[in-house]
Amino acid sequence: MELIRYSTNPVLLPDPTSTWETYNVFNPAVVCHQGEFHMLYRAQGLDWVSRLGYARSTDGIHFTRDAKPVFSPHDDFDARGIEDPRISEIDGVFYMTYTAYGNRPQPGFPPTHLGGSVTPMFAKSTNLRDWERIGPLVVGEDNKDHVLFPEKIGGKFVCLHRRPPQVWLARSEDLLSWPEADMQPIFGPRPDNPWDSKRVGSGGVPIKTQHGWLLIYHAYDNSHVYRLGVCLLDLEDPTKVIRRPRDFIFEPREIWELRGDVPNVVFSGANVIVNNEVYVYYGAADHVVGLATARLDDLLEFALND
Ligand code: BMA
């Protein structure tokens, strides 16, 4: 089972006439709300700082962008960029998870190879354009690829996050406090399965189905090739992985997936369901946005039977 690429990909390209989305537009979050698709995408321009642009569409294919970014860095902890958003709608409020890429290592934190830091953050909005920062999931560690489940489970907000090389689960009463006692690893790389042998991280918002939460995740191998796979998590206790097929569902093949700013990357933070069709938006080679789809029933059958 593989996702099918949309015929006129990519669906979003950098804009060489712009200062802030000159070089790369990639790794978007997408929400379908009141019949329209709303995309928040990561854009890099002349200063190489990531900001989030906003675009909307009625068909999910042709997007009209705002002239200016809607979410930009504001302090030392996100000065190098707002990265890799995912958006979950919970009780009428849109919650965004994003990675803040900062200028300085936090206390006790080993700097990234470029000397900065990453912080997994939350923000909220009621209109998808105006965002208010809530706070971090954790500080002072290498942690990103966090995404909120689209409803509370057992009365708590629940998110997946990544403590390398594993995907973890965390719970919170209020999105502000994320007690360590409520965090646990749920799945990691499979050393005997080449495509997801090195590192794994969550994709878009988990999809609720009668058989469990369907999660699309990314993984890379020894050669740093990013692919997408799926797993099924228990509905009431998503720390339990019910199924995890050995095969991937998507890999870089097109020239714009194989070459770009970072080669051989398909990275998704958006899986929107419209009429039983899953629209998977993904960053390709950290350079453009692509769209690939599958019928939800087919993905589920693959998850259950492969
Ligand atoms: C990951 C993230 C993504 C990126 C990917 C491939 O660590 O930072 O933003 O798409 O690497 O470069």
Side-chain angles (χ1 to χ4, degrees), residues 10-14 21 23-30 39-45 48-53 69 71 73 77-87 96-103 109-121 137 141-147 160-168 188-189 195-204 216-229 248 250-254 256-271 280-292:
V11 295
L12 207 74
L13 295 169
E21 52 180 339
Y23 298 141
N24 299 309
V25 293
F26 59 117
N27 298 3
V30 181
M39 177 188 283
L40 280 104
Y41 59 94
R42 179 174 164 192
Q44 290 176 319
W48 285 100
V49 167
S50 294
R51 299 175 177 82
L52 300 185
F71 200 55
F77 290 99
D78 62 15
R80 294 187 185 191
I82 308 290
E83 302 184 349
D84 304 347
R86 281 96 165 161
I87 298 173
M96 188 205 295
T97 55
Y98 66 94
T99 304
Y101 182 27
N103 252 339
F109 178 66
T112 64
H113 67 290
L114 293 172
S117 63
V118 293
T119 310
M121 290 287 297
L137 167 72
E141 61 175 60
D142 177 4
N143 192 317
K144 48 161 75 174
D145 289 327
H146 55 312
V147 61
L160 300 170
H161 60 114
R162 207 263 311 283
R163 282 182 160 152
Q166 283 164 311
V167 172
W168 286 56
W195 72 269
D196 63 359
S197 57
K198 292 305 277 186
R199 195 169 270 202
V200 290
S202 297
I216 297 179
Y217 68 92
H218 65 260
Y220 66 72
D221 62 8
N222 273 329
S223 312
H224 229 86
V225 176
Y226 277 73
R227 296 181 177 81
L228 302 179
F248 55 82
F250 203 57
E251 68 172 353
R253 281 191 199 147
E254 300 291 329
W256 44 275
E257 297 165 344
L258 300 168
R259 292 292 178 270
D261 196 36
V262 178
N264 309 314
V265 177
V266 289
F267 183 101
S268 176
N271 34 243
V280 178
Y281 294 90
Y282 60 98
D286 285 9
H287 182 49
V288 297
V289 175
L291 167 64

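Just so you know, ligand 1 is whichever comes first in the structure, and atom 1 is the first atom listed for that ligand.
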Revision key, fill the gap. Of all protein heavy atoms, the one nearest atom 10 (O) of ligand 1 is D286 OD1, 2.7 Å
**Study point:** SB check D196 R227 (cutoff 4.0 Å)
**Key:** no
Review point. What residue and atom, counting heavy atoms only, is the protein's closest point to atom 3 (C) of ligand 1, and at what distance?
Key: D84 OD2, 3.2 Å
Review point. If you measure from atom 7 (O) of ligand 1 to every heavy atom of R162, K144, E83, R42, which option wins on shortest distance?
Key: K144
Exercise for review: Classify the ring geometry between H218 and Y226 as parallel (under 30°), tilted (30 to 60°) or perpendicular (over 60°).
Suggested key: tilted
Check your understanding: Does T99 approach ligand 1 within less than 4.0 angstrom via side chain, backbone, both or neither, non-hydrogen atoms only?
Key -> neither
Check your understanding: If you take all heavy atoms of G283 and F26, which pair is closest and at what distance?
Key -> CA-CB, 4.0 Å
Practice item. State whether D145 and R86 are salt-bridged, where the test is any N-O pair (Lys NZ or Arg NE/NH1/NH2 against Asp/Glu carboxylate O) under 4.0 Å. Key: yes
Check your understanding: Should you measure from each heavy atom of V262, which atoms of ligand 1 turn up under 4.0 Å away?
Key -> 12 (O)
Study note, to complete from the structure: When distances are taken from atom 1 (C) of ligand 1, the protein heavy atom at minimum range is Y226 OH, 3.5 Å
Practice item. Let me see the working for Y41 and Y281 under ring pair (Phe, Tyr, Trp, His ring centres under 6.0 Å), right down to the final yes or no. Key: CA-CA 10 Å; Y41 59 94; Y281 294 90; over 10 Å; no
